Amino acid sequence: MDPQVAGLKQKIEDTLCPFGFEVYPFQVAWYNALLPSAFHLPLPGPTLAFLVLSTPAMFDQALKPFLQQCHLRPLTDPVDQCVAYHLGRVRESLPEVQVEIITDYEVHPNRRPKILAQTAAHVAGAAYYYQRRDVESDPWGAQHISGVCIHPRFGGWFAIRGVVLLPGTEVPSLLPTKPLDCIPARADRITLLERFNFHWRDWTYRDAVPPQERYSEEQKVYFSTPPAQRLALLGLAQPSEEPISASPQLPFTTLTPKPKNPSRGRGWLSPRVSPPASPGP
C-alpha cells in the first residue's frame, strides 16, 4: 500500500477501530465510475477517501458508552449521533490534511443522497454488493429486487456508516482492492436476495456466509424495540407508557432507507429504487 495511504489509514484506525469500526481506502474515481453524474462526488478522481463500517462490537464498545455519557441530553437518533461523534474524532486526528465527512444518511437539499453507501463499500473492497444483475437468468420476472452488501467475515451483521474524504490528498498510485465474492454460486445468490427482500424480519439473510461474529441478543432486542423505549431497555431512562410492539421498528439500518434519506441503500445502476426495510443496522 502507498506509504501515505498507509499512514493516514493507521491514524484513522487508531481513532475508530477500538470502538468497533473498520476502515477501507479507495479513490473517488472508482466510486464515480459506477454512478450517473448526478451522484458523483465532486472531487478529482485520485482523491483519497476511506469507507467506514461498524462491526457487531460497535454496540458495546461505542454505542453503550456514548449513551452513558449522553443519556441526560436530548438524543433524536442515538446510533447516528454516536457514529457522528466518532467520525468527528477522525477530523481531530488528522490536523495536517483537509477532511470532509459524509455519513450514510446525509442528503442534499433536493433529497438526493450525498453518498450511496453500498456502492462505496463495494469499490473500497469492504463488502460485496450483490444485486439482481449478479444472478444469471434470475427467476423474479417483473418483481423489484434490491441488492445487499455481504461482508466476508461478518456476513450481513455489520453496517456501513459513511466515508471520510480527504480533498487535496491525491493518491493516483493506489491500487483497487476487489471485494471478496463470498457467495459465488447462483443458487446461493438467489437465496440471499430472496431472504433480504422477502424475509428480512427473520435475520437469516445476514448468515449468507458463516459470520465471525453476530449481533448479541441484547443488540438484536435493542434494534427491535420501539425507539422511545430503547434507553429504558439499557437502564438509562424511564420507560415510556407506550407498550412494546411485537413487530420491530426499523429506523437505524444502513442497508435500508430511513425517512430522512429515502435513498440510503440504493444501487449504483438504479439509484431511484429503494430496498425493503430490514431489522436494524
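The model shown is predicted, which means the values in this text are computed figures rather than measured ones.
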* Asked: For E136, does the CD atom sit with more than 12 other heavy atoms under 6.0 Å from it, leaving out its own atoms?
  -> no
* Structure fact -> Residue set satisfying side-chain hydrogen bond (donor to acceptor under 3.5 Å, both in side chains) with D188, at least two apart, ordered chain then number -> none
Is a salt bridge present between [X] and [Y], judged by a nitrogen-to-oxygen distance below 4.0 Å?
X: K114; Y: E100; result: no
X: D14; Y: R89; result: no
X: E22; Y: R153; result: yes

* Is the backbone of V221 close enough, under 3.5 Å, to the side chain of S224 for a donor and an acceptor to pair up by distance? -> no
* Does L48 offer a backbone N or O that forms a donor-acceptor pair with the side chain of E170 under 3.5 Å? -> no
* Which value, rounded to the nearest 0.5 Å, describes the distance between T15 atom OG1 and Q10 atom CD? -> 10.0 Å
What I'd like to find out is whether the side chain of [X] reaches to under 4.5 Å of the side chain of [Y], using heavy atoms alone.
X: Y128; Y: P152; result: no
X: Y31; Y: F26; result: yes
X: V52; Y: L16; result: yes
X: I150; Y: Y130; result: yes
X: L94; Y: K11; result: yes

Give a yes-or-no answer on whether the side chains of [X] and [Y] include a donor-acceptor pair shorter than 3.5 Å.
X: R161; Y: S54; answer: yes
X: T191; Y: E194; answer: no
X: W157; Y: Q212; answer: no
X: Y129; Y: D134; answer: no

